[in-house]
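Contents: one structure, followed by commentary.
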Amino acid sequence: MSEAYNPSDVEARLAAEWESQGHFKPDLNAPQGPFSIVIPPPNVTGILHMGHALNNTLQDILVRWKRMQGYSALWVPGTDHAGIATQNVVERQLAKEKITRHQLGREKFVEKVWEWKEQYGSTIVRQLRRLGSSCDWSHERFTMDEGLSKAVQHCFLELHKAGLVYRGYYLVNWCPRCQTALSDEEVTHEEVKGHLWYIKYPVTLGGEIVVATTRPETMLGDVAVAVHPDDERYKKYKKNQELDLPLIARRIKFIQDPAIDMEFGTGAVKVTPAHDPVDFLLGQKYGLEAIRVIDPDGRMNEQAGPYAGLDRFKCREKIVADLEAHRLLDKVENHKASVGHCYRCKTIIEPMLSPQWFVRMKPLAALGIEAVEKDGMRFVPERWTKVYLDWLNNIRDWCISRQIWWGHRIPAWYCKRCYPEYTQRQQRGTLSGTLVIDEGHAGIVVSAQAPSSCPRCGGKDMVQDEDVLDTWFSSWLWPFSTLGWPEQTKDLATFYPTSVLVTGQDIIFFWVARMVMAGKFFLKKIPFKDVYIHGIIRVEGGKKMSKSLGNIIDPLEIIERMGADGLRFSIAHMASEGQDLYLSENKFLIGRNFANKLWNASRLILDPAPDAASGAPAVPGQSSTLHKTKEGSAELRAAGTPSVSPVALDSPSLTVADIWILTRLEEVTASVTESLNEYRFNEMARHLYQFVWNDFCDWYLETAKLQREDNLEQTERVLRYVLERTLRLLHPIMPFITEELWRKMGGQGTISKAIWPEADLSKKGSVKVAQAIGEFGSLKSIIGAVRNIRATFRVPAKEKVKLLIRVKFAEDLFLRNEKLIKRLGQISELTVGPDILPPPGSAAAYSGSVSLFVPLAGLIDIPAERQRIQKEMESLQTRAQSKKGRLNDPTFRNKAPADVVAEEEESLKELEGELSKWAESLKQLQ
RNA sequence: GGGCGAAUAGCUCAGCUGGUUAGAGCACUCGGCUUACAUCCGAGAGGUCACAGGUUCGAUCCCUGUUUCGCCCACCA
C-alpha cells in the first residue's frame with residue numbers, strides 16, 4: 001500500500017465498477033422493505049456546484065446507510081429540462097454563430113436543443129457518479145422523456161377535467177428579455193434605488209392633482225387617478241370629475257377607493273391597469289379600460305403616441321425630461337422600492353396583460369396543508385413547516401404557460417377562425433366582466449389529440465397552442481412520474497410514497513409544496529414523509545457563491561485535489577442541521593487528511609511490517625491463516641465479508657486497551673446510527689472522526705503496536721475486527737476508500753452491501769468492562785501527565801526519564817502496562833508502590849488517587865515548576881470555590897435533585913484531595 | 001410591513017430536551033522526520049457564550065426587550 005492515500009487511483013475505478021456491476025439496483029428481496037429517494041433533478045444545463053455536492057452527499061449517505069441496513073434502497077436519478085434556462089443556453093450558443101432562434105424556426109430550434117442535450121446534458125450526471133452517488137442509473141429519467149411527457153399531459157388533462165386548469169386574461173409577470181410569462185415564484189424581488197416623481201395632472205374643470213409614481217413611463221397607459229374617499233385634500237373633486245393626462249392629450253377618470261394609502265406621496269395615485277398589479281385590481285373593480293403601452297419586448301408601442309418604439313427605460317427618461325420642460329414635474333424624491341427580476345436572467349419584470357393558462361391552487365393548497373396536519377409529513381428542521389404553510393395559506397393561482405419553445409406543449413387547440421376574433425374583442429374591452437376565458441366561446445379545445453373540428457363554429461382548422469408548460473409543471477410530478485405514473489407500474493406500487501426528500505430551502509415553494517399537492521391529488525398519498533431541508537452554500541464572508549463574484553469553489557477541483565471522499569466527509573462535517581454552509585478551500589482539508597489517516601491506520605494493520613530482518617513479519621498480511629471466518633456469526637451474514645473474527649468483550653484474555661476500544665466501537669456505532677436517524681450528518685462525521693483519529697489511532701494503535709509483541713494473534717483479531725466494522729460505519733460518508741480498504745482486508749463483492757453494524761451496549765455496564773474502561777482511562781491520564789511534564793521542562797524527545805507512581809490500589813495495572821507507559825511516556829524506569837516518596841528535584845502530578853513523580857534533577861527549572869503548580873492549583877481552587885458556594889447554599893441543597901448534590905459533594909472532595917497534594921509539592925519546592 | 005435564522009476562541013463553526021472544567025477544525029506558540037501517517041506526532045496558549053432584564057437552587061441553552069448581520073415573504077403607487 002502506498003504511503004499516502006491517493007484517491008484518484010481509486011475513485012474513478014470504483015465508481016465505474018459499481019455501476020457496471022449494478023450494485024445500486026434495489027434488491028427487491030431485501031428484508032426491511034423499500035426505501036426510496038428521488039433526486040432533486042439538476043438542470044440539464046447544470047454543472048456540479050457545491051450545492052449539488054452537499055445535496056447529493058447527504059442523500060447518498062442516507063441511501064447507502066439504508067441499503068446496508070437491509071432495505072431495498074432505490075435512489076432515482078435524473079435531470080430537469082429547465083425550460084427557460086436551457087433555451088437561453090442554446091440561444092446564446094446560436095448567437096455566437098449570429099443565428100437567432102426565430103431564424104431557425106421552432107422545429108429546428110427544438111432539434112438543436114435536443115442535440116445540445118445529447119451532447120452536454122450528461123455532464124452533471126457524470127459528475128454525480130464521480131461524487132460516488134449510489135443512484136440506480138438504470139432508473140435515470142429526464143423530464144422530457146416520453147414517459148414523463150405523457151405524465152405531464154395526463155396531469156394537465158386531469159386537472160382540466162377537475163376544473164383546476166383555466167385560461168385567463170390577467171396581468172402576469174413578463175420578462176421582456178426571455179419574452180415569456182413567469183410564475184410569481186419565478187420573480188425575485190430586489191431593493192432598487194430609484195426615484196419618486198411627483199407629477200401634476202391638470203383637472204379638467206380647473207386645478208391640478210399631483211400624483212407620485214416610481215414609473216413615469218407607465219403614465220401613458222393611465223386611465224384614472226385614485227384617492228381615498230376620506231381624503232380632505234381631494235374632497236372638492238367630484239366623482240365624475242375628469243383629468244387631462246399630460247403629454248398625450250387624453251381624458252382620464254377620477255375615482256375614490258379606500259385601498260389608497262393617504263400617507264403615501266400625495267395620497268393620489270395614477271392608475272395603469274395594464275402595467276401594475278394594484279391598478280389591475282382597481283381596473284377590474286371599476287370597469288376601467290386597460291391600455292397596454294409596452295410591448296412584449298419592453299419597447300413602447302403605438303399606444304404611447306410620440307414615445308412609441310422607445311425602450312421602456314429610455315422612455316422614462318424622456319417622459320421626465322418632457323414633464324420638466326412643461327413644468328409638470330412638481331418634485332423628485334429618492335425612493336427605494338422592491339422591484340421584480342427574472343430569476344433566470346435578472347431582467348426587470350414588466351407586469352403585462354396577457355392570456356395565459358393557470359392552475360387554480362386553492363383546492364390543491366388545502367391538500368398540501370392536510371399533508372402536514374393530517375398525514376404526518378414533517379420538515380426537518382421543523383421551522384420550515386410554518387414557511388410552507390404560510391405560503392399555502394396565501395396561495396395564488398399558478399401561471400403555467402410559457403412563451404418559449406423548449407418544453408412540454410400545452411394540449412390545447414385553437415380554432416383559427418374563432419380564437420383570433422375572440423382575442424381581438426377581449427383586448428378592446430374593459431377589465432370588468434370575467435377574465436377567465438370561456439374555452440367553448442373562444443374556440444379552444446383541451447385534448448390530447450388535435451380535434452377534427454371546432455365545436456363552436458365547426459371550422460376544420462385547429463392549431464395547437466404555441467406555448468409550453470412551466471418547467472415545474474413536470475417537476476411537481478417527479479416522485480411518481482419517474483416511477484412510471486400514470487401507468488400503474490410495479491415500481492410505483494413498491495417505491496411510492498418515497499421515504500424522504502432531501503433538498504434546499506430555496507425550492508420549498510417551487511417544488512416541495514407542489515409535489516405534495518400533486519402527490520395528494522393524483523395518488524392520494526403524500527409523496528414523502530420526511531422533508532430534510534439543508535442549508536445554502538455560501539463562501540466565507542457570507543456572500544453567495546457566484547460566477548460573477550469569482551468566488552466559486554468548484555467541487556470537481558476539490559475532488560481532484562482532496563478526493564470525493566474528502567469532499568463528502570468535509571461537507572457532511574459542516575452540515576449541521578439546516579444551517580447555511582460557509583465554505584473556504586481549507587475547510588476541505590479535514591476530509592482529505594482524515595482519509596489519509598484512515599489509509600495509514602489500515603496500512604499499519606494490513607501491511608506486513610517492513611523490517612523483515614528481525615525474522616518473521618511482525619504483522620502477518622491478510623493471507624494469514626490466523627483469521628478465518630467463524631461460521632454463522634451474525635457479524636458475517638453478508639457474503640464476502642473479509643476474514644474477521646468477532647471479538648467478544650467477555651473473552652478472558654483481552655487487555656484493558658482491547659476492552660476499551662471495543663466498547664468505544666460499540667458506543668460509536670450507537671451514536672452514528674442515532675445521528676443518522678435524526679439527520680444529524682455533522683454529528684455522524686464528528687463521532688467517526690473522533691473515534692478513528694483520537695481513540696483508535698492515537699491510543700489503541702499505539703498500544704497495539706506493543707501488544708502485538710506479546711499477543712500477536714489476539715491483537716490482530718481486535719485490530720481487524722475494529723477496522724472492518726469502522727469501515728462499514730464510514731462507508732456511507734466515504735464510500736470509495738472504505739470499499740478499497742475493505743477489499744484489501746479480503747472483502748469480496750462490495751462493502752456497500754455489507755451489513756450495517758448494530759451496537760451492543762449490553763456489556764458496557766458489566767463490572768469487568770467498566771473497570772477496564774476506568775483503568776485505561778487512568779493509563780491515558782498518567783501518560784498525559786508525564787508528557788505534560790516533559791514538555792514543560794523541555795525534556796528532549798529522545799531522552800528518557802524515570803517515573804514513580806504512588807498509588808494505593810491497582811498497582812498491578814501499572815505494572816501490567818509497564819511497557820505501554822514506558823513507550824508512550826519515554827520512560828526508562830518505572831517504580832510503582834503505595835509509599836513512594838518524591839525524590840528531590842521531581843516534577844509531580846496528581847490525578848484522582850494517583851500521584852506521579854518525574855525526577856528531573858538538573859533539568860528542573862524551579863520558577864517554571866512553581867508556576868506550573870500554581871497555575872494548576874488556581875484552576876482547581878476556582879472550581880472548588882464555586883462548588884463550595886453551591887453546596888453551602890441551602891436552597892441548592894433543598895431544591896436540586898439529590899444526585900446532582902451528591903455529585904457535587906463527591907467532586908469537591910476529589911478536588912480538595914488533589915489540591916492538598918499540589919500544595920505539598922509546592923512546599924517541597926521551597 | 002410581516003416572518004425566519006445567526007451572534008460562542010484570531011477565523012469558520014459544533015454544543016440534541018438547563019446541571020462537574022463550554023468543544024472541534026484551521027491559524028498560533030513550544031518540542032519532535034518516534035520503524036502507519038509531516039495530509040503527521042506530543043504539549044500548550046486562546047472564550048464576560050452580542051447587550052439588558054427576567055424565570056430558576058442553577059442559564060451559552062428557557063422568556064421579554066435591544067443591537068448587528070443574513071435570508072424569505074408582502075399590491076411600499
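A note on names: the letters A, B, ... follow the listed sequences, proteins ahead of strands, and every chain is numbered from 1.
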Nearest whole angstrom, please: distance from the P of B/U34 to the CG of A/L706. 17 Å

Holding to salt bridge (charged side-chain N to carboxylate O under 4.0 Å, His left out), I want the full list of residues that pass it with A/R787, two or more places apart in sequence or in another chain. none

Within this structure, what is the CG-to-P distance between A/L820 and B/G42, rounded to whole angstrom? 13 Å

Taking the same atom, P, in B/U66 and in B/C73, what whole-Å distance lies between them? 25 Å

Contacts of A/E914 meeting salt bridge (charged side-chain N to carboxylate O under 4.0 Å, His left out) (sequence neighbours excluded), chain-then-number -> none

Any side-chain N or O of A/W699 less than 4.0 Å from the OP1 or OP2 oxygen of B/C41? no

Can you tell me the distance, in whole Å, between the CG atom of A/L688 and the P atom of B/A14? 19 Å

For B/C16 versus B/G5, give the span between their P atoms, rounded off to a whole number of Å. 15 Å

Name all residues meeting the salt bridge (charged side-chain N to carboxylate O under 4.0 Å, His left out) criterion together with A/D889; count only those two or more places apart in sequence or in a different chain, and write none if there are none. none

For A/L598 and B/C37, what is the distance between atoms CG and C1' respectively, to the nearest whole Å? 11 Å

Between C1' on B/C73 and CZ on A/F510, what's the gap in Å once rounded to a whole number? 13 Å

Using 30° and 60° as the class limits, which term best fits the ring planes of A/Y679 and A/F681: parallel, tilted or perpendicular? tilted

Please work out if A/W693 contacts a base, only the sugar-phosphate, or nothing of the nucleic acid, heavy-atom cut-off 4.0 Å. sugar-phosphate

Is there any salt bridge (Lys or Arg N to Asp or Glu O under 4.0 Å) pair reaching into residues 255-276 of chain A, and which pairs are they, with sequence neighbours excluded? A/D222-A/K270, A/D257-A/K285

Please confirm whether any donor atom in the side chain of A/R879 sits under 3.5 Å from an acceptor in the base of B/U21, or the reverse. yes

Restricting to nitrogen or oxygen on both sides, can you table the protein-nucleotides 22-24 of chain B pairs closer than 3.5 Å?
none

Report the relative orientation of the aromatic rings in A/Y846 and A/W918; use parallel for angles under 30°, tilted for 30 to 60°, perpendicular for over 60°. perpendicular

When you look at NZ of A/K780, are more than 12 heavy atoms from neighbouring residues, nucleotides or ligands closer to it than 6.0 Å? yes

Using the P atom on both, measure B/C51 against B/U35 and round to a whole Å. 49 Å

Just to verify, what does A/K909 make a side-chain contact (heavy atoms from CB on, under 4.5 Å) with, not counting sequence neighbours? none

With sequence neighbours excluded, tell me which residues meet side-chain contact (heavy atoms from CB on, under 4.5 Å) with A/I507. A/W472, A/T503, A/F510, A/W511

For nucleotides 44-47 of chain B, give me every protein contact, N/O to N/O, under 3.5 Å, one pair per line with atom names.
| residue | atom | partner | partner atom | Å |
| --- | --- | --- | --- | --- |
| B/G44 | OP1 | A/N788 | ND2 | 2.1 |
| B/A45 | OP1 | A/K871 | NZ | 2.2 |

My understanding is that only residues two or more places apart in sequence, or in another chain, count here; which of them pass salt bridge (charged side-chain N to carboxylate O under 4.0 Å, His left out) with A/E3? none

With sequence neighbours left out, the residues meeting ring-ring contact (aromatic ring centres under 6.0 Å, His included) with A/W384 are none

Can you tell me how far C1' of B/C16 sits from CE of A/M684, to the nearest Å? 17 Å

Answer yes or no: is there a donor N or O on one side and an acceptor on the other, between the side chain of A/R233 and the main chain of A/M262, under 3.5 Å? yes

In terms of relative ring orientation, are A/W693 and A/F594 parallel, tilted or perpendicular, with 30° and 60° separating the classes? parallel

Distance, P atom - from B/U21 to B/G1, rounded to whole angstrom: 45 Å

Which pairs, protein N/O on one side and nucleotides 74-77 of chain B N/O on the other, fall under 3.5 Å?
| residue | atom | partner | partner atom | Å |
| --- | --- | --- | --- | --- |
| B/A74 | OP1 | A/R396 | NH2 | 3.0 |
| B/C75 | OP1 | A/R396 | NH1 | 2.9 |
| B/A77 | O3' | A/T214 | OG1 | 3.3 |
| B/A77 | O2' | A/A212 | O | 3.1 |
| B/A77 | N6 | A/D261 | N | 2.9 |
| B/A77 | N6 | A/D261 | O | 2.5 |

Dot-bracket for RNA chain B, 5' to 3', counting Watson-Crick or G-U wobble pairs under 3.5 Å, with [ ] for crossing pairs and | for inter-strand pairs? (((((((..((((.....[...)))).(((((.......))))).....(((((..]....))))))))))))....

Is there a donor-acceptor contact under 3.5 Å linking the side chains of A/E185 and A/Y343? no

Given B/C41, is OP1 or OP2 found less than 4.0 Å from the side-chain N or O atoms of A/K597? yes

Nearest-Å distance once atom C1' is located in both B/U67 and B/A52: 11 Å

Say we look at B/C11 and B/G54: how far apart would their C1' atoms be, to the nearest angstrom? 34 Å

On RNA chain B, more 5' by nearest nucleotide between A/R592 and A/D390 is A/D390

Please give the distance between the P atoms of B/C40 and B/U34 as a whole number of Å. 16 Å

Relative to the 5' end of RNA chain B, which residue comes earlier, A/D889 or A/R787, by the nucleotide with the nearest heavy atom? A/R787

In whole angstrom, give me the gap between the C1' atoms of B/A27 and B/G46. 11 Å

Parallel, tilted or perpendicular: which one describes the rings of A/Y700 and A/F696, with boundaries at 30° and 60°? parallel

Check whether any side-chain N or O of A/N593 sits under 4.0 Å from OP1 or OP2 of B/C40, and answer yes or no. yes

